[in-house]
Each structure stands twice: as C-alpha cells, then as structure tokens.
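Step one of this worksheet: look at the structure below.
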Amino acid sequence: MLTANYRTPAALALLIAVWLAAGLFGRDPWKPDEAYSFGLVLHILHSGDWVVPTLAGEPFMEKPPLFFISAALFARLFGGFLPLHDAARLASGFYAALTLAFVWLSARTLYGRSQALAALLVLMGCVGYFHTAHLLVTDNALMAGIALAIYGLALHPQRPTLGGIALGTGAGVAFMAKGLIGPGMLGLTTLALAASPAWRTRGYARALGIAALAFAPWAMLWPWALYQRSPELFHEWLFVNNFGRYTGSADLGPEHDHWMYLKILPWFALPALPLAAWSGWRGLRERDPRIVLPLVASAVMLAVLSSACNARYVYALPVLVPLSLAAGAGCPAMPRWLARGLLWLGLALGFGAALALWAGWAALLAHRPAPLADGLLAMRPGFTPGLQPFLVLLAALATLGALLAVGRVRRAQHAAPLAWAASAALAWTLFFTIWLPYQNYGNSYRALVTDLKAHLPNGAYCIANRQLGEPQRAMLEYFGGVLTLAESAPGARYCAFLLVQQGYGDELPRHGSRWMPLWSGTRSGDATERFWLFSAQPVLDAQVQKVDVQQP
C-alpha cells in the first residue's frame with residue numbers, strides 16, 4: 001500500500017521503471033516522427049556536425065538540434081550492445097524521467113510530499129502522454145524543459161537565485177528542443193503571473209533577471225553558429241519554421257483548427273483535467289496562492305497553442321505539466337464521488353484495454369475466432385503470427401503484478417492517480433510486448449527498403465526522388481545506405497534512377513520517355529503509400545532485366 005510515509009518505495013520505483021522502459025526497445029523507428037528524427041541523429045553520428053540538422057543529405061531546419069545531439073550521444077554510448085535506434089531512443093526515456101522528476105519537485109515545493117506523489121502519478125496516467133514519452137521525438141526534450149522552468153517558478157520564493165537558474169535553463173532546453181514556442185509560453189506565463197500581487201516581489205524580479213542570464217547562452221550559441229554557417233538556413237529556421245508556422249504564412253505543417261485542443265483535452269488530459277478543475281475551484285475559493293502558478297501556466301499554454309495556425313495532438317503535451325501540478329494539489333481533499341469515479345474509470349479502462357490486448361493476441365495466434373483474426377491480418381498483409389516466449393513472459397509478469405496490486409489500490413493513498421498510472425503502465429506494456437511484432441511489422445520501413453535494394457544494381461550511386469517524404473528518405477539511408485536527390489536539384493538530371501512516392505491507389509506516375517518502371521512496392525500494412533522505382537532507358541537495357549510491375 002502506498003502511503004504518505006513511503007512504506008513501499010520499492011513498489012513505486014518498480015512502477016516508474018516499468019513505465020519508463022516499456023516501449024523503448026525491440027522495434028525499428030516508426031513512421032512518421034521517429035523515422036525522420038532518427039535520420040537527423042544518424043547524420044550527427046556519421047558527420048559530427050551538430051550545427052546544421054541534416055536529413056539524408058538535405059538540411060532540415062524545422063527544429064534546433066538538442067534532442068538529436070542527445071540521442072546521438074546515447075547511440076554512441078550504448079550502440080555497441082543495443083541496436084543503434086534503440087540506443088538513441090534512450091534519450092526519450094532520459095527526458096521523460098527528467099519530466100517526472102521536475103513535476104515531483106515542483107509539487108513538493110508548492111504543496112508537500114504527499115501532493116508531489118499525486119502529481120507524479122497523475123502525469124504518468126495521462127492518456128495522451130505515455131505513447132509519445134517513448135517515441136524518438138523532440139517533444140520529450142520540450143516537456144523536460146517546461147517542467148524544469150516551472151520548477152524554477154515554484155522554487156523562487158524560497159531560493160530566488162536557484163529558481164531563476166532553473167527557469168532560465170528550462171526555457172533554454174525548451175528553446176533548443178523546438179524553437180521559440182517553449183520560451184514564448186514560459187515568457188507569457190511569467191508576465192501573467194506578475195498580474196497577481198503575490199508575485200510582484202523583489203524576489204520574483206531578481207529570479208527573472210537571473211533567468212534571463214541563464215537563458216542567454218542557450219539562445220545565442222547555436223543560432224550564432226548557424227548564422228555563421230549559413231544566413232539562408234538561419235532565416236529558414238527562424239522566420240519560416242518559427243514565425244511562419246505559428247502565423248500560417250509558411251504554409252507548412254498540418255491544417256490548423258483553433259478549437260482542436262479544447263476538443264481533445266477531455267480525453268487527452270485524463271485524469272489530470274477533472275482533478276485540476278477540482279483543485280483550481282477549491283484553491284480559488286480558499287484563496288490559496290499556490291494554485292495560481294499551475295492554473296496560469298495551463299491557461300497561457302492552451303491559449304498560445306490554440307492561437308497557432310498549426311495543430312497536432314502532440315503539441316498539447318506541455319499543458320499536461322501544469323495540469324498535473326494543479327491536479328496533485330487537490331488530491332488529498334477530493335470528494336468521495338470524484339475519487340471513486342476516477343478510480344473505477346481508470347481501472348476499467350486499463351484492465352479493459354489489457355483484456356482486449358490479450359484476447360486479440362490469442363485470436364491472432366490461434367486464428368479463433370476466425371473473423372477477428374482475419375480482420376487483424378488484413379491490416380498487416382503477409383504477417384505471420386508467432387509465439388515470442390520472452391515477450392509473453394514480460395507481458396504475463398506485468399499482468400500478474402497489476403492483478404496483485406488491484407486489491408490494494410482501493411486502500412492506497414491517492415488511489416485514483418495510482419490506478420491511472422498502473423493502468424497506463426499495464427496497457428502500454430502489453431502493447432509493446434505481445435503486440436510488438438505485429439506493430440513493428442506494420443510500422444517499419446526495413447522490409448520495404450530491403451526489397452527496393454534488391455532491385456537496384458550495384459553501383460547505383462545517383463537516385464533522384466519525387467515527392468519522397470522525410471521519414472522515407474531517412475529510412476532509406478539507415479536501412480539501405482541510399483541517399484537521393486530531389487528531382488528539382490541541379491544534379492538530379494544526371495541520375496540513372498528515379499524513386500517516386502505517391503498514394504497507394506494512384507495510377508502509374510508520369511515519367512516521360514526517358515524512364516522505364518523497374519519496381520513498385522508498399523510498406524506492409526500501409527494503405528496510404530506506394531513507391532515506384534524508374535530506371536533510365538540506357539541503364540535498364542545495359543545492366544538490369546526489366547521487371548513486370550503490376551498496377552495496384
């Protein structure tokens with residue numbers, strides 16, 4: 001039983017360890033974000049160049065390089081006994097651990113140790129967090145930077161100097177992770193907090209001054225190095241990929257929906273949102289100044305994200321940090337109806353998902369019931385189910401541990417947050433164990449690249465590409481050592497091969513009299529992409545035998 005005096009720290013440590021580790025190992029980089037992220041890591045490993053993020057030979061100026069540098073360091077340190085992509089993915093676990101640690105420290109500073117445990121468990125149980133926390137994506141570094149900065153704001157009344165350093169360093173980490181959006185949200189939060197009389201103090205002003213000094217090196221070193229290397233790339237990064245994406249003038253990224261975050265938060269931020277709403281109402285009613293920081297930070301972040309002209313679910317992750325802090329504040333005083341409702345909802349969702357995952361896996365393995373198995377196999381054409389003893393053992397141990405804990409959850413302190421954290425850990429552990437072969441088969445580019453390479457003659461050193469996406473270019477380099485040139489690039493006209501990406505059901509792309517189709521392929525289980533390889537006529541006649549390519 002988890003209690004305020006931490007009589008079972010080993011059980012809590014085991015839960016956190018399982019939560020952090022599940023999903024980091026045993027799979028290829030998955031489309032879309034992991035694939036292109038690893039391409040950027042691969043460039044740093046091969047070249048040692050950290051100034052210009054480069055993807056399969058082309059500059060990629062969407063984000064600063066902190067996360068990619070970190071992942072490259074982990075890959076270099078642990079790549080000797082782990083697959084390179086698994087070693088790089090340790091960076092995600094590292095930043096997720098930092099995020100949990102700083103949320104716990106912030107809540108302990110604001111409210112005390114009991115509420116700190118509640119805030120930690122709430123964040124671990126958030127529906128929208130677990131999956132991304134284990135992907136090779138730079139949003140994990142952004143989350144850690146936001147959590148560190150908020151810890152600095154929480155700490156500043158007692159220790160203005162240390163609080164200012166933490167605030168500035170956190171803003172710097174957020175900046176080097178995803179650009180201006182993180183420091184922008186934090187800067188607006190500090191201004192909004194100043195509207196409260198409790199925050200208009202000399203200590204706060206001092207902390208902000210120190211934060212500015214701590215932030216300066218982060219804000220100057222890499223941008224200066226980038227500008228020295230290429231003013232054009234600096235302009236592309238700063239104005240196109242920061243201001244342009246925010247205002248929509250760059251016409252990049254997903255289409256915007258200014259109401260999207262309000263639409264998704266009721267499920268994305270479970271269980272943090274209802275708990276934060278309760279804590280906020282209670283704290284404001286009792287005029288508790290400690291609730292001001294998480295409420296203001298949550299509101300500012302939500303407003304900034306909603307006003308941007310690019311919207312993706314993953315962009316909402318930073319809001320979970322202050323929401324979890326606010327949720328932790330009111331957990332000890334939750335009304336019984338809310339505590340019981342969230343407890344049973346968390347257990348029902350977690351164990352319902354676990355039951356469905358076990359049942360679906362058994363149906364695949366036994367091919368019974370046949371309609372369910374056939375439906376699952378239809379989404380992964382060519383996949384052959386098989387028993388993976390080690391993965392099954394891990395899944396069984398996780399399930400047994402969760403079942404043993406159920407009886408104690410109802411009597412534990414912070415039962416509802418604990419139920420959500422344990423449920424998230426169980427469901428995702430099953431997803432990344434017994435379902436890992438199935439998911440990796442459908443999300444990896446390894447088989448596609450291997451098939452493509454088999455149809456390229458030795459010495460095919462120049463391949464042009466048309467509409468080839470960033471994840472695809474990265475995985476071609478990683479799995480096949482294949483670098484391509486954009487068809488519009490000056491040197492592409494001398495290439496003997498052309499690789500075209502298009503929709504799955506599209507007709508044979510226009511290719512002119514120079515090119516002849518050599519190969520066509522799709523990624524297993526992907527009904528959105530099809531790839532065509534064309535060979536210039538002289539090369540085709542001299543080096544390879546034409547392959548009969550069937551239309552999709």
Side-chain angles (χ1 to χ4, degrees), residues 21-43 45 55-56 68 71 74-75 78-79 82-93 131-137 314 357 360-361 364 376-388 390-391 394-395 428-456 465 468-484 499 501-504 519-533:
L24 291 180
F25 309 105
R27 58 186 179 85
D28 293 332
W30 283 358
K31 173 195 172 184
D33 293 332
E34 276 202 320
Y36 84 76
S37 295
F38 187 72
L40 295 163
V41 173
L42 203 60
H43 167 76
L45 287 171
L55 177 63
F68 312 122
F74 277 99
F78 300 101
L82 285 174
L84 205 59
H85 50 272
D86 280 355
R89 203 179 284 121
L90 288 172
S92 299
H131 187 234
T132 305
H134 299 80
L135 296 179
L136 188 72
V137 292
V314 71
L357 289 167
W361 173 79
L364 268 178
L376 291 169
L377 291 173
M379 293 186 286
R380 297 290 188 270
F383 175 73
T384 302
L387 190 65
Q388 305 283 340
F390 179 69
L391 296 179
L394 291 178
W428 283 108
T429 298
L430 296 181
F431 181 83
F432 284 114
T433 50
I434 55 176
W435 280 90
L436 186 59
Y438 178 88
Q439 293 297 336
N440 195 55
Y441 182 86
N443 286 290
S444 171
Y445 281 93
R446 185 187 295 268
L448 174 75
V449 175
T450 300
D451 190 23
L452 169 62
K453 282 280 289 184
H455 289 84
L456 280 171
N465 80 71
L468 193 60
E470 294 154 353
Q472 294 77 18
R473 289 192 289 116
M475 293 298 95
L476 277 170
E477 180 185 13
Y478 181 45
F479 290 129
V482 175
L483 291 176
T484 63
L499 183 62
Q501 179 181 340
Q502 62 176 26
Y504 181 83
W519 168 87
S520 179
T522 62
R523 192 164 56 88
S524 302
D526 189 344
T528 61
E529 301 170 352
R530 178 168 285 274
F531 301 86
W532 295 85
L533 179 66

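Position 1 is the first residue of the sequence, and the numbers go up from there.
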Open item on the list: Apply side-chain contact (heavy atoms from CB on, under 4.5 Å) to residues L42 and L84 and explain how you reach the verdict.
Closed with: CA-CA 9 Å; L42 203 60; L84 205 59; 4.0 Å; yes

- [ ] Provide the closest heavy-atom pair for A87 versus G79 in the form atom of the first, atom of the second, distance.
- [x] CB-N, 3.8 Å

Open item on the list: For P29 versus F479, what's the shortest heavy-atom pair and its separation?
Closed with: CD-CZ, 4.3 Å

Open item on the list: Going by side chain to side chain contact (heavy atoms under 4.5 Å, CB included), name the residues that satisfy it together with A133, two or more places apart in sequence or in a different chain.
Closed with: W19, A96, Y129, N140

Open item on the list: With side-chain contact (heavy atoms from CB on, under 4.5 Å) as the criterion, how do Q501 and Q472 come out once you've worked through the C-alpha distance, each side chain's angles and the decisive distance to 0.1 Å?
Closed with: CA-CA 9 Å; Q501 179 181 340; Q472 294 77 18; 3.5 Å; yes

- [ ] Identify, with sequence neighbours excluded, every residue that meets side chain to side chain contact (heavy atoms under 4.5 Å, CB included) alongside A395.
- [x] W358, L430, T433, I434

Open item on the list: My understanding is that only residues two or more places apart in sequence, or in another chain, count here; which of them pass ring-ring contact (aromatic ring centres under 6.0 Å, His included) with F38?
Closed with: Y478

Task: Atom pair CZ/CD of F383 and Q439 - distance to nearest 0.5 Å - done: 9.5 Å

- [ ] Using the test side chain to side chain donor-acceptor pair (under 3.5 Å), find all partners of Y36 that sit at least two apart in sequence or belong to another chain.
- [x] K63

Task: Closest approach of D86 to L24 (non-hydrogen atoms, all atoms of both residues) - done: OD1-O, 3.6 Å

Open item on the list: With salt bridge (Lys or Arg N to Asp or Glu O under 4.0 Å) as the rule and sequence neighbours excluded, what pairs involving residues 437-447 come up?
Closed with: D28-R446

Task: Distance-minimising heavy-atom pair for L136 and A71 - done: CD1-CB, 4.1 Å

Open item on the list: Tell me every residue that passes salt bridge (charged side-chain N to carboxylate O under 4.0 Å, His left out) with E470, counting only those two or more places apart in sequence or in another chain.
Closed with: none

Task: Backbone of V137 reached by a side-chain donor or acceptor of S37 within 3.5 Å - done: no

Task: Non-hydrogen side-chain atoms of L135 and V314 separated by less than 4.5 Å - done: no

Open item on the list: So does G442 get a backbone contact from the side chain of R523, meaning a donor-acceptor N/O pair under 3.5 Å?
Closed with: yes

TODO: Give a yes/no verdict on a cation-pi contact between R89 and F74, requiring under 6.0 Å between NZ or CZ and the six-membered ring centre and an angle within 45° of the axis.
DONE: no

Open item on the list: On a heavy-atom basis, which atom in T429 and which in A22 lie closest, and how many Å separate them?
Closed with: OG1-CB, 3.6 Å

Task: Set of residues satisfying side chain to side chain contact (heavy atoms under 4.5 Å, CB included) with respect to Q388, sequence neighbours excluded - done: L391, P437

Open item on the list: The criterion is side chain to side chain contact (heavy atoms under 4.5 Å, CB included); which residues satisfy it with L376, sequence neighbours excluded?
Closed with: L364, L372, M379, W435, Y438

- [ ] State which residues pass salt bridge (charged side-chain N to carboxylate O under 4.0 Å, His left out) with R380; sequence neighbours excluded, sorted by chain then number.
- [x] none

Task: Closest non-hydrogen atom pair between K31 and E529, with its separation - done: NZ-OE2, 2.6 Å

TODO: Can you sort out the partners of F531 under ring-ring contact (aromatic ring centres under 6.0 Å, His included), two or more places apart, ordered by chain and number?
DONE: none

- [ ] With sequence neighbours excluded, tell me which residues meet side chain to side chain donor-acceptor pair (under 3.5 Å) with T484.
- [x] N465

- [ ] With sequence neighbours left out, write down each residue that passes side chain to side chain donor-acceptor pair (under 3.5 Å) with T528, or none if nothing qualifies.
- [x] D526

